[in-house]
Amino acid sequence: MLDPSIAKSSGIVFGKHNNDFIISDILDDILKYFYRDPEFYNNMSNDNYRAIVSDCQDELNRKDYARKICENIKNSILEYIGEEKFYIQSNLYLRAARNCFRHDSEAIDWHRETFYGSNMDKSVNIWTPIKGVDDENTLKFIPFSQNIDEADIVTVQSVDPVTKKGSFGHKIGFLYAPKTIVSGVNLENDAAMIVPISSSAIFPGLLVHGAAKNKNNNIRFSVDFRILPSRYYIDELSKQFHFSSNKPYFELY
């Protein structure tokens, strides 16, 4: 179990859903696309598998699940950001990690949101486990890392051999030019983000986090998106377009 003091000091809170059926509703829609035995998907090529994930992600976004999750934990969000208005990312990401030996093709490595987006230092992540998430394969984070100055973190950027710009992998949130942390963060000091049942994790975009390898026989499903308190939204500094949604990157909730 996650130490409450570590969670609090790392800026993590857990919003309890008002509607106990929101996760089961999302899962029902996911299973329309993932109705076969997990081994079937493990044997698929990355491109074919990611095409299915992309189609399913589109379905979840058509049903506006990001806004529905926000509605379910709205009181927790408002208390967290300290104001009544906020912007919400126009695209919810579906993370569907297979039990594969190639972890880099299934999950995003250590990062904070400022690595990949402008005006994201005040962003807030909303992460919701759906199915197949356990204490071993849940999201990992580096306690208190939201307090590390950006200038103290050294990264190197490379071209990803699996994900191409504009591909299905790019659309579902994989990185075609990922950054790897090489110093400034003690990555050995990681902790597991264990989210209570029927809840979503709310945590700062500056918290260094990344997905663990899925050693479970089942596919690990979760969804996530970002929000930004309205007082921090600056139009000329913020990303204007979201490749996955074909909409403005942020929309007023």
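Reckoned from all heavy atoms, side chains included, excluding hydrogens, waters and symmetry mates.
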cation_pi(Arg36, Tyr41) dist<6.0 Å, angle<=45: no
CG/Asn217: more than 12 non-hydrogen atoms of other groups inside 6.0 Å: no
Axial cation check for Tyr49 ring with Arg98, 6.0 Å and 45° limits: yes
Neighbour count above 12 (heavy atom, 6.0 Å) for Lys215 NZ: no
Criterion side-chain contact (heavy atoms from CB on, under 4.5 Å) on Asp224 and Leu92, from CA distance to verdict: CA-CA 6 Å; Asp224 62 82; Leu92 167 150; over 6 Å; no
Cation-pi, Tyr65 ring and Lys68 (6.0 angstrom, 45 degrees): yes
Ser200 side, atom OG; Asn125 side, atom CG - distance, nearest 0.5 Å: 12.0 Å
Steps toward salt bridge (charged side-chain N to carboxylate O under 4.0 Å, His left out) verdict (Lys171, Asp58): CA-CA 10 Å; Lys171 185 175 180 180; Asp58 286 344; 2.9 Å; yes
Considering all heavy atoms, the nearest Leu2-Ala7 contact: CD2-CB, 3.7 Å
N-O pairing of Arg62 and Glu59 below 4.0 Å: yes
Phe86 and Ile77: CA distance, side-chain angles, deciding distance, side-chain contact (heavy atoms from CB on, under 4.5 Å) verdict: CA-CA 9 Å; Phe86 59 92; Ile77 290 175; 3.9 Å; yes
Leu252, CG: over 12 other non-hydrogen atoms inside 6.0 angstrom: yes
Asn19/Glu71 under side-chain contact (heavy atoms from CB on, under 4.5 Å): CA gap, chis, key distance, verdict: CA-CA 9 Å; Asn19 176 2; Glu71 187 62 31; over 6 Å; no
Heavy-atom closest pair, residues Ile69 and Ile126: CG2-CG2, 4.1 Å
Phe144 CZ: over 12 foreign heavy atoms closer than 6.0 Å: yes
Tyr93 ring center near His242 ring center (under 6.0 Å): yes
Of Phe203, Trp110, Phe141, the residue whose pairing with His209 passes ring-ring contact (aromatic ring centres under 6.0 Å, His included): Phe203
Stepwise side chain to side chain donor-acceptor pair (under 3.5 Å) test for Arg50 and Ser45: CA-CA 8 Å; Arg50 290 176 172 188; Ser45 69; over 6 Å; no
Lys/Arg N to Asp/Glu carboxylate O, Arg231 vs Glu83, below 4.0 Å: yes
Ring centres under 6.0 angstrom apart (Tyr249, Tyr87): no
Pair listing, side chain to side chain donor-acceptor pair (under 3.5 Å) test, anchored in residues 147-157, at least two apart: Arg112-Glu150, Thr114-Glu150
Single-linkage hydrophobic cluster Ile73~Leu60, side-chain heavy atoms < 4.5 angstrom: yes
Closest approach of Phe250 to Arg226 (non-hydrogen atoms, all atoms of both residues): CE2-O, 3.7 Å
Ion pair Arg67/Glu251, N-O distance below 4.0 Å: yes
Within 6.0 angstrom of Lys32 NZ, more than 12 heavy atoms from elsewhere: yes
same_hphob_cluster(Val208, Leu206) at 4.5 Å side-chain heavy-atom cutoff: no
